[in-house]
Amino acid sequence: MAKYLACICEGGAEHAILDLLLDNHSLVFEREDLIEEEVLKCRRGRDFEEKYLKKGFSEKITVYRILDSRNENFKLRKAYEKKVDVINVVTAPEIEMLIICNEDRYKDFKNSGEKPSTYCKRALKYSKVKSYDFIYEYFSDINILINALHEYRRISKIRRKEMTLWDLLKQK
């Protein structure tokens, strides 16, 4: 494990999932291991450079980016490229798939042709499915979240060498 870690999330739902996993000591790293001991919200590499890399870290930094797009770049200037390992953790298509898995509605979702967030709002009547507070409360029982992550991994078509949230869990 690198001496310095950063965990960057795309949105509120992803942030809630990471906070739950950190609060329950379910990840391969702890909150205390993270820069500023929190999940960061910083999509652009240059913004990350400006805010965090100018602090003069003595060793390499590992950055875990939790995102639903496989095509989103995190460009760093040449001066920082060798100082930072960027690991993309993909939640494609969307983190709301965890709710669909937990509700055992995957087949119905697939037949709907909708995006996961749209399906959750329409079929499951969860209007705030993208909000931090809703996700944090919905998955407040960590076992429900772990089971949903397991089911999502089971049904997903994960690309070779692609990391998912499941890969960040401590193995029990």
Report task. Give a yes or no on whether D104 atom CG has more than 12 heavy-atom contacts from other residues, nucleotides or ligands under 6.0 Å away. Result ->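 Not more than 12 within 6.0 Å, no.
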
Tell me whether the count of non-hydrogen atoms from other residues, nucleotides or ligands lying under 6.0 Å of CZ in R159 goes above 12. no

Can you see which heavy atom on [X] is nearest to which on [Y], and at what distance?
{"X": "C101", "Y": "A148", "value": "CB-O, 4.2 Å"}
{"X": "E114", "Y": "F109", "value": "O-CE1, 3.1 Å"}
{"X": "V39", "Y": "L34", "value": "N-CD1, 4.3 Å"}
{"X": "A13", "Y": "E96", "value": "CB-OE2, 4.4 Å"}
{"X": "E14", "Y": "G11", "value": "OE1-N, 3.2 Å"}
{"X": "L27", "Y": "L169", "value": "CD2-CD2, 4.2 Å"}

**Item:** Stepwise side-chain hydrogen bond (donor to acceptor under 3.5 Å, both in side chains) check, Y119 with E94
**Value:** CA-CA 11 Å; Y119 178 83; E94 295 177 34; over 6 Å; no

### Query
Checking side-chain contact (heavy atoms from CB on, under 4.5 Å) for the pair L5/I35: CA distance, chi angles, key distance, verdict?
CA-CA 6 Å; L5 290 176; I35 294 172; over 6 Å; no

If you measure from [atom1] on [X] to [atom2] on [Y], what distance do you get to the nearest 0.5 Å?
{"X": "L98", "Y": "F139", "atom1": "CG", "atom2": "CZ", "value": "5.0 Å"}
{"X": "D47", "Y": "C42", "atom1": "CG", "atom2": "SG", "value": "5.0 Å"}
{"X": "I95", "Y": "C9", "atom1": "CD1", "atom2": "SG", "value": "8.0 Å"}
{"X": "I100", "Y": "K110", "atom1": "CD1", "atom2": "NZ", "value": "10.0 Å"}
{"X": "L149", "Y": "L21", "atom1": "CG", "atom2": "CG", "value": "6.0 Å"}
{"X": "N143", "Y": "H150", "atom1": "CG", "atom2": "NE2", "value": "13.5 Å"}

Side chains of [X] and [Y]: does their closest heavy-atom pair fall under 4.5 Å?
{"X": "C120", "Y": "K125", "value": "no"}
{"X": "I87", "Y": "R65", "value": "no"}
{"X": "L40", "Y": "V63", "value": "no"}
{"X": "V84", "Y": "K60", "value": "no"}
{"X": "C7", "Y": "L18", "value": "yes"}
{"X": "S26", "Y": "I142", "value": "yes"}

Query - Ring centroid separation Y64 to F29 under 6.0 Å - result: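 Close enough - the centres of the two rings lie under 6.0 Å apart.
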
Under the side-chain contact (heavy atoms from CB on, under 4.5 Å) criterion, do N88 and M163 qualify, and how do the steps go? CA-CA 7 Å; N88 293 324; M163 278 193 88; over 6 Å; no

Hey, is the main chain of [Y] close enough, under 3.5 Å, to the side chain of [X] for a donor-acceptor pair?
{"X": "D108", "Y": "R105", "answer": "no"}
{"X": "S131", "Y": "V129", "answer": "no"}
{"X": "K82", "Y": "A79", "answer": "no"}

The side chain to side chain contact (heavy atoms under 4.5 Å, CB included) partner of I66 among V90, L168, I8 is L168

| field | side chain to side chain contact (heavy atoms under 4.5 Å, CB included) partner of L76, the single match among K83, E49, R44 | value |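 Exactly one option meets the side chain to side chain contact (heavy atoms under 4.5 Å, CB included) with L76, and it is E49.
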
Using the ring of each side chain (for Trp, its six-membered ring), is F74 parallel, tilted or perpendicular to F48, with breaks at 30° and 60°?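 Aromatic pair F74/F48 classed tilted.
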
*Whether H15 and Y132 hold their rings parallel, tilted or perpendicular, with breakpoints at 30° and 60°*: perpendicular

Side-chain ion pair, [X] and [Y], N-O less than 4.0 Å:
{"X": "E30", "Y": "K170", "result": "yes"}
{"X": "E38", "Y": "R31", "result": "no"}
{"X": "K128", "Y": "D133", "result": "no"}
{"X": "R77", "Y": "E50", "result": "yes"}

Using the rule that Ile, Leu, Val, Met, Phe, Trp and Tyr join whenever any side-chain heavy atoms are under 4.5 Å apart, tell me whether V28 and L145 fall into a single cluster. yes

Exercise for the section: Spell out, yes or no, whether L165 and I158 are grouped together once hydrophobic residues are joined by side-chain heavy atoms under 4.5 Å, including indirect joins. Expected result: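 As far as the 4.5 Å side-chain criterion goes, I158 and L165 are not connected within one cluster.
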
Exercise for the section: Could you walk me through whether T91 and L67 pass side-chain contact (heavy atoms from CB on, under 4.5 Å), step by step? Expected result: CA-CA 6 Å; T91 63; L67 64 164; 6.0 Å; no

Exercise. Start with the C-alpha distance between I61 and Y52, add both sets of side-chain angles, then the distance that settles side-chain contact (heavy atoms from CB on, under 4.5 Å), and finish with yes or no.
Key: CA-CA 10 Å; I61 299 173; Y52 302 103; over 6 Å; no

Query raised in the report: Is there a donor-acceptor contact under 3.5 Å linking the side chains of Y152 and N147?
Result: no

